[in-house]
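Written out below as structure tokens is the structure these notes cover.
Computed from a predicted model, the values in this text were never measured in an experiment.
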Amino acid sequence: MTTITENTFAAACFNQNSVTELEQALAGKADATDCAEWNLTPEQWRAEIELALAAKRENA
């Protein structure tokens with residue numbers, strides 16, 4: 001079971017996006033605005049989205 005910590009970028013992604021939207025995000029570059037707002041590196045941004053996506057798929 002995938003666990004997402006509250007008040008994280010992964011939690012926001014999980015709550016606000018569909019599986020398709022998360023997959024589309026991973027297909028592109030890290031969003032500079034997200035990285036700046038959440039103080040993430042592009043690698044961290046990607047890891048957070050992957051975590052949210054895994055949790056979404058488990059809940060499907």
Side-chain angles (χ1 to χ4, degrees):
M1 178 170 189
T2 302
T3 302
I4 297 178
T5 304
E6 290 188 37
N7 300 316
T8 62
F9 182 61
C13 289
F14 179 85
N15 292 328
Q16 298 173 10
N17 296 279
S18 67
V19 168
T20 301
E21 290 168 328
L22 295 171
E23 290 171 339
Q24 289 172 344
L26 288 175
K29 292 182 181 180
D31 184 278
T33 301
D34 287 342
C35 288
E37 287 181 15
W38 290 89
N39 194 30
L40 300 169
T41 66
E43 293 79 16
Q44 290 169 322
W45 177 90
R46 186 166 302 282
E48 292 284 297
I49 293 178
E50 288 172 345
L51 181 63
L53 181 57
K56 280 275 192 191
R57 287 179 172 156
E58 286 177 8
N59 289 334

Just by modelled atom types, is the N17 backbone N or O under 3.5 Å from a matching donor or acceptor in the K56 side chain? yes
Would a single hydrophobic cluster contain both L51 and L26, if residues Ile, Leu, Val, Met, Phe, Trp and Tyr are joined by side-chain heavy-atom contacts under 4.5 Å? no
Quick check for you: to the nearest 0.5 Å, what is the distance between E43 atom CD and R46 atom CZ? 9.0 Å
Which atom of T8 lies closest to which atom of I4, heavy atoms considered: OG1-CG2, 3.9 Å
Residue set satisfying side chain to side chain contact (heavy atoms under 4.5 Å, CB included) with Q44, at least two apart, ordered chain then number -> L40, T41
Qualifying ring-ring contact (aromatic ring centres under 6.0 Å, His included) pairs with a residue from residues 16-42, counting only residues at least two apart or across chains: F9-W38
Take atom CG in N15; do more than 12 heavy atoms of anything else shown fall under 6.0 Å from it? yes
Using every non-hydrogen atom in the two residues, find where E48 and A10 come nearest and quote the distance to one decimal. OE1-N, 2.9 Å
Any idea which heavy atoms bring W45 and A25 closest together, and the distance? CH2-O, 3.4 Å
N39 atom CG, over 12 foreign heavy atoms within 6.0 Å: no
Residue set satisfying salt bridge (charged side-chain N to carboxylate O under 4.0 Å, His left out) with E23, at least two apart, ordered chain then number -> R57
Check whether any side-chain N or O of Q16 sits under 3.5 Å from a backbone N or O of C13 as a donor-acceptor pair, and report yes or no. no
To the nearest 0.5 Å, what is the distance between CG on D34 and CD1 on I49? 6.5 Å
May I ask you to decide if T2's main-chain N or O and E58's side chain share a donor-acceptor pair within less than 3.5 Å? yes
Side-chain touch F14/L22, heavy atoms, less than 4.5 angstrom: no
